[in-house]
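Per chain, numbering begins at 1; letters A, B, ... match sequence-line order.
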2 protein chains.
Amino acid sequence: MRLVIARCSVDYVGRLTAHLPMAPRLILIKADSSVSIHADDRAFKPLNWMNPPCKIREEDIDGSLTWSVIHGKTGEKLVLTIEEILHDSSHELGIDPGLQKDGVEAHLQELLAEHITTLGDGWTLVRREYMTAIGPVDILCRDHLGGSVAVEIKRRGDIDGVEQLTRYLELLNRDPRLAPVKGIFAAQEIKPQARVLAADRGIDCVILDYDGLRGIEPENPTLF
Amino acid sequence: MRLVIARCSVDYVGRLTAHLPMAPRLILIKADSSVSIHADDRAFKPLNWMNPPCKIREEDIDGSLTWSVIHGKTGEKLVLTIEEILHDSSHELGIDPGLQKDGVEAHLQELLAEHITTLGDGWTLVRREYMTAIGPVDILCRDHLGGSVAVEIKRRGDIDGVEQLTRYLELLNRDPRLAPVKGIFAAQEIKPQARVLAADRGIDCVILDYDGLRGIEPENPTLF
DNA sequence: GTGTTCATCTCGCAC
DNA sequence: GTGCGAGGTGAACAC
């Protein structure tokens, strides 16, 4: 990884056209040749960048330094014009062991499938990721009377999720072995608008208690 | 901006729980106190980060360096345990003049509004951003016969955009001053599935020629 | 490869 | 503040 602090201007031509006026910035050049330009705020997003795979060509034209970064597949172009280099250092980092995550949608699905009776006594799991022509339904199960129920799981329940479940239900209800199929929209948090739309479509809403499903004290986790 | 290359492990507890094992990485500490941890690949996304507003507390416990970053509003926590610092430098950058963009949806909307006859001879603009209860319709106009037309503009036309326009049309058609309202889905590129759904809903699709609208040679832009 | 969906999405804007 | 939509979204996973 090469760290450069420099006064530079940047031009990007690709999915859009963008320009950064001359100013001091951080330029990150990583081992995969990807380049990102950072200002002195915002943790997440660089001002400008080029994703791998790409190639960097360094040129010295009329005493002004120019770095051209070209994407290998799309031909997108990022051109840095450098007026003054204030810092330049390189470091060997090696490949990263990577991030270990917990608490995402897949895990919610897993937990709810394991504890399907959370939705009602006597309910049984048919299967997770029940395949349909337009995609997999998160969970297909049966209620205590044997009626089919399709469950759509989201971390945060939005209007889109209700639309998605609606499309699944429309399709599933064409299958005589399943019909009639009820819908349940399950999420850790459901937006009011999504709740209204769900009610209008005859879909029940269920709030998922992540920690409860894990059987852990429902308390804010602390590190130390 | 402070640049630190260090062997570190990272724990994040907040919207999810995540852990990075001990390894050499870049730690960026910006002027707004935001922190991001980068591996030696991927231009865009840090391995881990904390957005502003946040506070950093540095501690030296049992000879091992610990940086705790806590978000000011949500209480999210990022804890860095540092084993060895390989590089540490600070740089004054000042505030950035910012990115100038061109070619986004707003500009497409502007251009199409200016050249509304692109959609048909004798068509007239009613207004851009026509407000409804569920949000603004990109363009409302009238065709050569005076019939109302709602236009949804996207850079890339996806199934979501068709759903969105459908909701607007449903609402607009309840207004007796406007009904019946036709729909047009306009984008630089329209996905086949979106096209099928639009056809099914009686919505016309129009491909927007960005350079054509600008009156510029429809050629790939090159920098030099 | 293309398509679909998730994300600690981030970010901006309007109400 | 909250909601909604855009993003050069990026990234992962299925087909």
Side-chain angles (χ1 to χ4, degrees), chain A residues 10-19 34 36-37 41-52 71 73-78 98-99 101-109 129 131 133-136 138 152-156 158-161 163-164 167 189 191-194, chain B residues 10-19 34-37 41-52 54 69 71 73-78 98-99 101-109 129 131-138 152-156 158-161 163-164 167-168 188 191-194:
Chain A
V10 184
D11 288 282
Y12 166 76
V13 178
R15 283 176 277 188
L16 59 65
T17 303
H19 174 74
S34 66
S36 54
I37 296 109
D41 62 352
R42 268 70 164 296
F44 188 78
K45 201 186 161 186
L47 284 169
N48 225 326
W49 69 94
M50 182 62 76
N51 286 329
H71 194 272
K73 298 196 171 170
T74 62
E76 290 164 282
K77 202 181 204 175
L78 188 73
L99 190 66
K101 287 186 187 183
D102 185 22
V104 282
E105 189 193 315
H107 202 208
L108 276 176
Q109 188 193 110
E129 303 284 349
M131 208 54 202
I134 55 168
D138 286 338
E152 177 66 34
I153 299 169
K154 295 283 175 198
R155 203 170 50 76
R156 275 151 61 186
D158 221 330
I159 204 162
D160 289 358
E163 299 276 24
Q164 192 183 343
R167 288 196 293 268
E189 169 200 356
K191 300 274 174 72
Q193 296 208 350
Chain B
V10 185
D11 288 282
Y12 167 76
V13 178
R15 281 173 278 188
L16 58 67
T17 303
H19 174 74
S34 68
V35 177
S36 54
I37 296 108
D41 63 350
R42 269 72 162 296
F44 190 80
K45 201 185 161 187
L47 284 169
N48 224 326
W49 69 94
M50 182 63 76
N51 286 329
C54 63
V69 190
H71 194 272
K73 298 195 171 170
T74 63
E76 289 164 282
K77 203 182 203 175
L78 188 72
L99 190 66
K101 286 187 187 184
D102 183 24
V104 283
E105 191 194 313
H107 202 210
L108 276 175
Q109 188 193 109
E129 303 284 349
M131 210 53 201
T132 75
I134 56 169
V137 179
D138 286 339
E152 177 66 34
I153 300 170
K154 295 282 175 198
R155 204 171 50 76
R156 275 152 62 184
D158 221 330
I159 204 161
D160 291 357
E163 299 276 25
Q164 192 183 343
R167 289 196 293 269
Y168 285 139
Q188 283 185 287
K191 300 274 175 70
Q193 295 209 349

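- Here dC13(D) presents its P atom at 16 Å from CG of D138(A), a figure rounded to the nearest Å.
- Summarising the geometry of M50(B) relative to A43(A), their closest heavy-atom pair is O-CB, 3.4 Å, with the distance given to 0.1 Å.
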K154(B) vs Q164(B), side chain to side chain contact (heavy atoms under 4.5 Å, CB included): CA-CA, chis, key distance, verdict: CA-CA 11 Å; K154(B) 295 282 175 198; Q164(B) 192 183 343; 3.1 Å; yes

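- Side chain of D11(A) to main chain of H19(A): no donor-acceptor pair is present (N/O by atom type, distance under 3.5 Å, no hydrogens or angles).
- If you measure from atom CG of L47(A) to atom P of dG7(D), you get 18 Å, rounded to the nearest angstrom.
- Here, dG8(D) and dA14(C) have their C1' atoms 25 Å apart, quoted to the whole Å.
- Straight-line distance from the CG atom of L108(B) to the C1' atom of dG5(D): 16 Å, rounded to whole Å.
- E163(B) pairs by the salt bridge (charged side-chain N to carboxylate O under 4.0 Å, His left out) definition with R167(A), R201(B), not counting sequence neighbours.
- Between N51(A) and F44(B) the shortest side-chain heavy-atom distance falls below 4.5 Å.
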Is there a side chain to side chain donor-acceptor pair (under 3.5 Å) between E152(B) and Y168(B)? Walk through the geometry before answering. CA-CA 9 Å; E152(B) 177 66 34; Y168(B) 285 139; 5.2 Å; no

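- Checking dT5(C), dG7(D), dA6(D) against the side-chain heavy atoms of K101(B) singles out dG7(D) as nearest.
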Close N/O contacts between protein and nucleotides 11-15 of chain C (under 3.5 Å):
| residue | atom | partner | partner atom | Å |
| --- | --- | --- | --- | --- |
| dG12(C) | OP1 | R42(A) | NH2 | 3.1 |

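- Counting any heavy atom pair closer than 4.0 Å across all strands shown, L99(A) reaches a base atom.
- A straight line from CD of E76(B) to P of dA7(C) spans 15 Å, rounded to a whole angstrom.
- Between I153(A) and D138(A), the shortest heavy-atom contact is N-OD2, 2.7 Å.
- Nearer the 5' end of DNA chain D, as judged by each residue's closest nucleotide, is the contact made by K73(B), out of W49(A) and K73(B).
- Note on R15(B): every side-chain N or O is 4.0 Å or more away from OP1 and OP2 of dC6(C).
- Distances shown here put every side-chain N or O of R167(A) at or beyond 4.0 Å from the OP1 or OP2 atom of dT4(C).
- Nucleotide dT5(C) holds its C1' atom 7 Å from the NZ atom of K154(A), rounded to whole Å.
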